[in-house]
Amino acid sequence: MKILVIGATGTIGSAVADGLAARHEVVRASRRGPVRVDMADTATMDALFAEVGTVDAVVCCAASGGLTPLNALSDKEFWSGLDGKLVGQVNLVRHALVHVRDGGSVTLTSGRFAEPVPGSSLGYLVNAGLEAFVQAAATEMPRGIRLNTVSPGWVRETLLGLGLDPAAGTPVADIARVYTVAVEGAPHGRTLTVPATEPPDHQPTTSAHASTRPPNPIRSTGR
C-alpha cells in the first residue's frame, strides 16, 4: 500500500512511519519537512495531495496541543489547540476523500488522559469531539473507505525527555503498532485506544499520553 503519514517527524509519527515502512510504501509529510502540510491551512492539504497523488491510506499523527488553563488570559490562548487538532483533522478527512483509493482508510489521532488534570478541559473536548466525529462520519464515507482514530496516552519517550517518570508511559513502538492495526484492517468507525494509567506527578504540556500496560493494549470503541 501507498500510505501518507502526516506528522511524520514527531515522536509518534516517526515511529508510525517507520513501522509501516517495513511492509508498505510510506510518504512522510510534516509542517517543516521536504513534503509539507499545515493542519491549520487547507490550501496546504490540497497542495500536498496534488504532490503525492492517490494513496491507499492517510494517517494523521500531527495532532498536538498543550494543557490549557480554563482561566487562560485570552480566548485565543484557550482555543489555541482547536484549529489544528480538531478542525484540522476534520478538514483533512474532507480533503483526502477524493485522493484515497476505494477500500482505503483514513486514521486520525485523538488522545486519552487517565483522569482529568488541571488544563485538560480543552483536550477532553477536542478528543471527545474527534471520536464522535469518526463514529458519525463513518456512515458517510464513500467507496468503502474506512475512518478510524487512535487514542494514545502518555508516551514513555516524551516523559523521559521532560525529566518525568518514564514508567508512567507506553513505549512509542507499542503505540505505533496500534496505528498499524488501524491502517491494515481495524473495523470501520472505531476509536482504537492505548489505555491510560495514572498521570505523572507533574503534567508536561503535551497531548501525547500513554500507559504502562504491556504490548497489544488495544481496545476499540464506537460502532
Side-chain angles (χ1 to χ4, degrees), residues 4-7 10 12-13 16 37 39-42 45 57-68 70 72 75 78-98 100 103-155 170 175 178-197 199 206-211 217-223:
L4 172 63
V5 178
I6 298 174
I12 291 178
V16 169
V37 64
M39 291 298 294
D41 184 349
T42 56
M45 296 179 191
V58 176
V59 181
C60 183
C61 304
S64 62
L67 299 174
T68 307
L70 189 61
D75 290 341
F78 178 77
W79 292 107
S80 60
L82 188 69
D83 286 346
K85 186 167 184 180
L86 178 56
V87 178
Q89 290 194 94
V90 171
N91 281 333
L92 176 64
V93 173
R94 297 179 63 248
H95 286 252
L97 287 181
V98 297
V100 176
S105 69
V106 179
T107 302
L108 308 181
T109 295
S110 55
R112 192 158 300 273
F113 295 86
E115 60 185 24
V117 296
S120 66
S121 58
L122 180 62
Y124 268 91
L125 173 65
V126 169
N127 293 333
L130 276 169
E131 293 172 12
F133 166 76
V134 164
Q135 184 175 1
T139 65
E140 302 181 50
M141 298 295 283
R143 298 178 287 106
I145 298 173
R146 292 179 297 107
L147 176 64
N148 295 294
T149 184
V150 173
S151 179
W154 297 107
V155 179
T170 294
I175 297 171
V178 182
Y179 284 85
T180 298
V181 170
V183 171
E184 294 185 344
H188 184 38
R190 301 297 182 94
T191 294
L192 303 183
T193 67
V194 183
T197 56
T206 176
S207 64
H209 315 285
S211 76
I218 302 173
R219 292 185 294 118
S220 64
T221 62
R223 291 181 24 160

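- The two atoms that bring Ser80 and Thr68 nearest to each other are OG-OG1, 4.5 Å, heavy atoms only.
- A pairwise comparison of heavy atoms in Gly7 and Ala62 identifies CA-CB, 3.6 Å as the closest pair.
- Residue Leu92 comes nearest to Cys60 through the heavy atom pair CD2-CB, 3.6 Å, listed as atom of the first residue, atom of the second, then distance.
- Val16 and Cys61 get closest at one heavy-atom pair: CG2-SG, 4.0 Å.
- Proximity of Val5 to Tyr179: side-chain heavy atoms (C-beta onward) are nowhere separated by under 4.5 Å.
- Val90 places none of its side-chain heavy atoms less than 4.5 Å from the side chain of Val87.
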Does the pair Met45 and Ile6 meet the rule for a side chain to side chain contact (heavy atoms under 4.5 Å, CB included), with working shown?
CA-CA 10 Å; Met45 296 179 191; Ile6 298 174; over 6 Å; no
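- Among Leu147, Val134, Val183, Thr149, the one residue that satisfies the side-chain contact (heavy atoms from CB on, under 4.5 Å) test with Val106 is Leu147.
- Between the Thr107 side chain and the Asn148 main chain, no donor and acceptor come within less than 3.5 Å of each other.
- Taking Arg94 as the reference, nothing meets the side chain to side chain donor-acceptor pair (under 3.5 Å) condition, with sequence neighbours excluded.
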Criterion side chain to side chain contact (heavy atoms under 4.5 Å, CB included) on Met39 and Asn91, from CA distance to verdict
CA-CA 8 Å; Met39 291 298 294; Asn91 281 333; over 6 Å; no
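- Expressed to the nearest 0.5 Å, how far NE2 of His188 lies from OG1 of Thr139 amounts to 7.5 Å.
- Applying the salt bridge (charged side-chain N to carboxylate O under 4.0 Å, His left out) test to pairs two or more places apart or on separate chains, those with a residue in residues 141-150 are Asp102-Arg143.
- Residues meeting the ring-ring contact (aromatic ring centres under 6.0 Å, His included) test with Phe78, sequence neighbours left out: none.
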Derivation of the side chain to side chain contact (heavy atoms under 4.5 Å, CB included) call for Trp79 and Leu86:
CA-CA 11 Å; Trp79 292 107; Leu86 178 56; over 6 Å; no
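- Rounded to the nearest 0.5 Å, atoms OG1 (Thr193) and CD (Glu131) are 8.5 Å apart.
- Contacts of Ala128 classified as side chain to side chain contact (heavy atoms under 4.5 Å, CB included), with partners at least two apart in sequence or in another chain: none.
- Counting only heavy atoms from C-beta outward, the side chains of Thr109 and Pro152 approach each other to under 4.5 Å.
- Val58 approaches Ala96 most closely through the heavy-atom pair CG2-CB, 4.3 Å.
- Evaluation of the side chain to side chain contact (heavy atoms under 4.5 Å, CB included) rule for Thr180 yields Leu20, Arg23, Glu184 as partners, not counting sequence neighbours.
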Would you sort out whether Asn127 and Lys85 count as a side chain to side chain contact (heavy atoms under 4.5 Å, CB included), showing the intermediate values?
CA-CA 9 Å; Asn127 293 333; Lys85 186 167 184 180; 2.9 Å; yes
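- Sorted by first and then second residue, the salt bridge (charged side-chain N to carboxylate O under 4.0 Å, His left out) pairs with a member in residues 118-127 form an empty list; sequence neighbours excluded.
- Between Leu97 and Met141, the closest heavy-atom pair is CD2-CE, 3.4 Å.
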